[in-house]
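I have placed the structure first, in the form of structure tokens, so that the comments after it can refer back to it.
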Amino acid sequence: MRITRFCVFVLFPVFFACNHAVKENTQPDFLSKNIDTSVNPADDFFDYAVGNWAKNTPIPSEEGAWGIGNMVQEEIYSRLRKINEKAADEKATKGVEQKIGDFWYSGMDTLSIEKQGLTPLKADFDKINKIKSIKDIVDVTADFHNKGINVFFNDYVAQDDKNSDMYAYQMMQGGLGMPNRDYYFNTDARTEGVRKAYRSYLIKTFIQLGNTKTSSGKIAENVYNLEKRLANSSRKLAALRDPYKNYNKIDVKGLTDLSYNIPWRFYLAKINAKKIDSVIVGQPEFYETLSEEVQLTPIEDLKNYLRFHLVNNSAPYLDKKTYGNYFDFRKSLTGTSVPRPRWKRVIDAEEDAMGEALGQIFVKEYFNENAKKRYTDLVENIRDAYKDRIKKLTWMSDSTKEKAIEKLGKIRKKVGYPDKWKDFSALKIDRGPFVLNVERGDIWWHNYMMNKLGKPVDRDEWTMSPQTYNAYYNPSNNEIVLPAGIFAVPGMKDEELDDAFVYGYAGASTIGHEITHGFDDQGRQYDEQGNLHNWWTATDGVQFSNRAKKIIQQYNEFNPVDTLHINGDATQGENIADLGGILLGLDAFKKTDAYKNGKKIGNLTPLQRYFLGYAYGWMYKERKERLANQVMTDVHSPAKERVNGPMVNVPEFYEAFNIKPNSKMYRTDSLRAEIW
């Protein structure tokens, strides 16, 4: 999946087609003006490609990072605001417009939100206060999971990795208040600073809940230590990548045996997980620890854990004091100094609650069927390039090539927006407390998910709204999903975009990237039907792993911030997809007239513009706090390494920018990664 930069929506149709005419533009070339001519591209291509933009573009104080996605976002937020304000003013009594208008009204009704304080959560607090037993703990846990508050662990319904035609109930490690296990154990100064901020946040929350400062400190320490014990039994980021080792299918009795202190049949009934005789447990050792903790941890500590996570999960939708405590902690992870404007946060919450409902209105105004065809054509050009590349591989056997080509041919493409929209008619939205509208949205999604159990898999479903600035590959469906928003270019119209840029920006960094995910370290383990199944010969599997090691070793060398190095193992899938995307986009681009004619634009050759177009898609700046958080928690490398990293493995890059053996961007043949 392409890294989620920010929730960005498409402002206007930006249509890419092969070799379509480019309107003459007398303005300075948009790629050339971003270049920092003081930097040699052979030394640091990222700083060269976007350095001038970076020098002249500060990160806003309310943002942890800033880049192309944010620039598109800024244009689009105002459009979405108009849609919401119009819906609120019209006071519709039914339909999508009513839900959008009332959601907006409740989120912007700050006077009521301040008066309400924590009172909208009273029923939840009352239920926690009545807890007397483990069964009561499990009862509240189920209630919270129904509302999207994933205390103690994470669970969800998704396709069975080994039977993609069936939905399965799945359980993973979770329940932590910090991003992942490493935040509880790493000893570098920045992580220790995050721990300090988190402990302070715990204390502030328990003081707000009516405890004294002294007792709040003790309560906070007990909750923190509970989480630390859960973290100690949680797997590290890289260990979560192996789909086989994180797939453990057992019957419900087996789950009870594994985690015997927890009444699982009671829990499953409470979350409406019906019609199941088995579950998939990702990390069994975590559930063994969870069972022990439920039994051995004082029940008051468990209740305080629940109280904190109720407040923490709800804080973005509550009064200034509650949100302020939450934001003070988040600053240690993002580096932001002020919150984002409330109206933007309301739109983000609306996207989470009912993004497709908003999308239905949005695409009517800003997208059309022509876009689907043009994007579809570009997908097929990339697919053809991949087929040719597979045929020419020297390290893969003919039998595995045949199966790879079969899988490639069966990759489904979803472009622009769904053919069938989700039905939100059962979702109740009113002008009451904002946090309760968000909660009802979470309950709707929970019920939607649980209702899948026992039903045929809906392979037409989208898990992103069409206005999202992102894309993904789903191995269980063997599909790429390309929402309309991912192709937007800030401030640009389609006729202003040359093919060299388009193939780098859209073809390489999005379409080629997502298709390659079907053949990265994880995706390659799924067959053409989306089932976890080894279709490789043993020799070819070893060849792939050995070639992937070069990418792992390369990215392990990168040190983006402080003493933190990129985890080459955890990020290898995205790094493989970045390299594959560049190669596929380039192969497809070489077939175009724009490449063959060799005409310069902005004094740049087509080949140079192709690579600069790819870099344009990763035009970002990040604060150190956010960068450190990304390195520790994200399977995507930071933007700079997503540009410089794959480039050194591409021979045409050396040609385009005159990379010589004494250049910093030079990598000897023996060290270059070559997979697809």
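Computed from heavy atoms alone, side chains included, the values below leave out hydrogens, waters and symmetry copies.
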Any side-chain donor paired with an acceptor under 3.5 Å for [X] and [Y]?
X	Y	value
R412	N474	no
Q522	D242	no
D520	Y473	no
D44	N644	yes
S38	D36	yes

(message) How close do E625 and R190 get, counting heavy atoms only, and between which atoms?
(response)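 Closest approach of E625 to R190, heavy atoms only: CG-NH1, 3.7 Å.
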Assert yes or no for the condition that the ring centre distance of [X] to [Y] is strictly below 6.0 Å.
X	Y	value
Y610	F501	no
Y614	F611	no
F519	Y386	yes
Y616	F30	yes

(message) For the backbone of K392 and the side chain of K401, can you confirm whether one donor and one acceptor N or O come within less than 3.5 Å of each other?
(response)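 Flag not set: sc K401 to bb K392 has no pair under 3.5 Å.
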(request) Give a yes or no answer on whether the side chain of N478 reaches the backbone of K407 with a donor-acceptor pair at less than 3.5 Å. (result)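 The answer is yes, because a donor-acceptor pair under 3.5 Å joins these two groups.
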(message) Using a 6.0 Å distance limit plus a 45 degree cone around the ring axis, check whether R642 lies over the aromatic ring of F45.
(response) no
(message) Check whether W343 forms a cation-pi arrangement with R81 (NZ or CZ under 6.0 Å from the six-membered ring centre, at most 45° off the ring normal).
(response) yes
(message) Between the side chains of E63 and K344, is the shortest nitrogen-to-carboxylate-oxygen separation below 4.0 Å, so that they form an ion pair?
(response) no
(message) Tell me whether R609 is salt-bridged to D29, with the criterion being a basic N under 4.0 Å from an acidic carboxylate O.
(response) yes
(message) Counting neighbours of CG on N597 that are heavy atoms of other residues, nucleotides or ligands and sit closer than 6.0 Å, is the number greater than 12?
(response) yes
(request) Could you tell me whether the side chain of H513 reaches within less than 4.5 Å of the side chain of D578, counting heavy atoms only? (result) yes
(request) Mind telling me whether F589 and Y503 have parallel, tilted or perpendicular rings, with 30° and 60° as the class edges? (result)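 Plane angle between 30° and 60°, so tilted.
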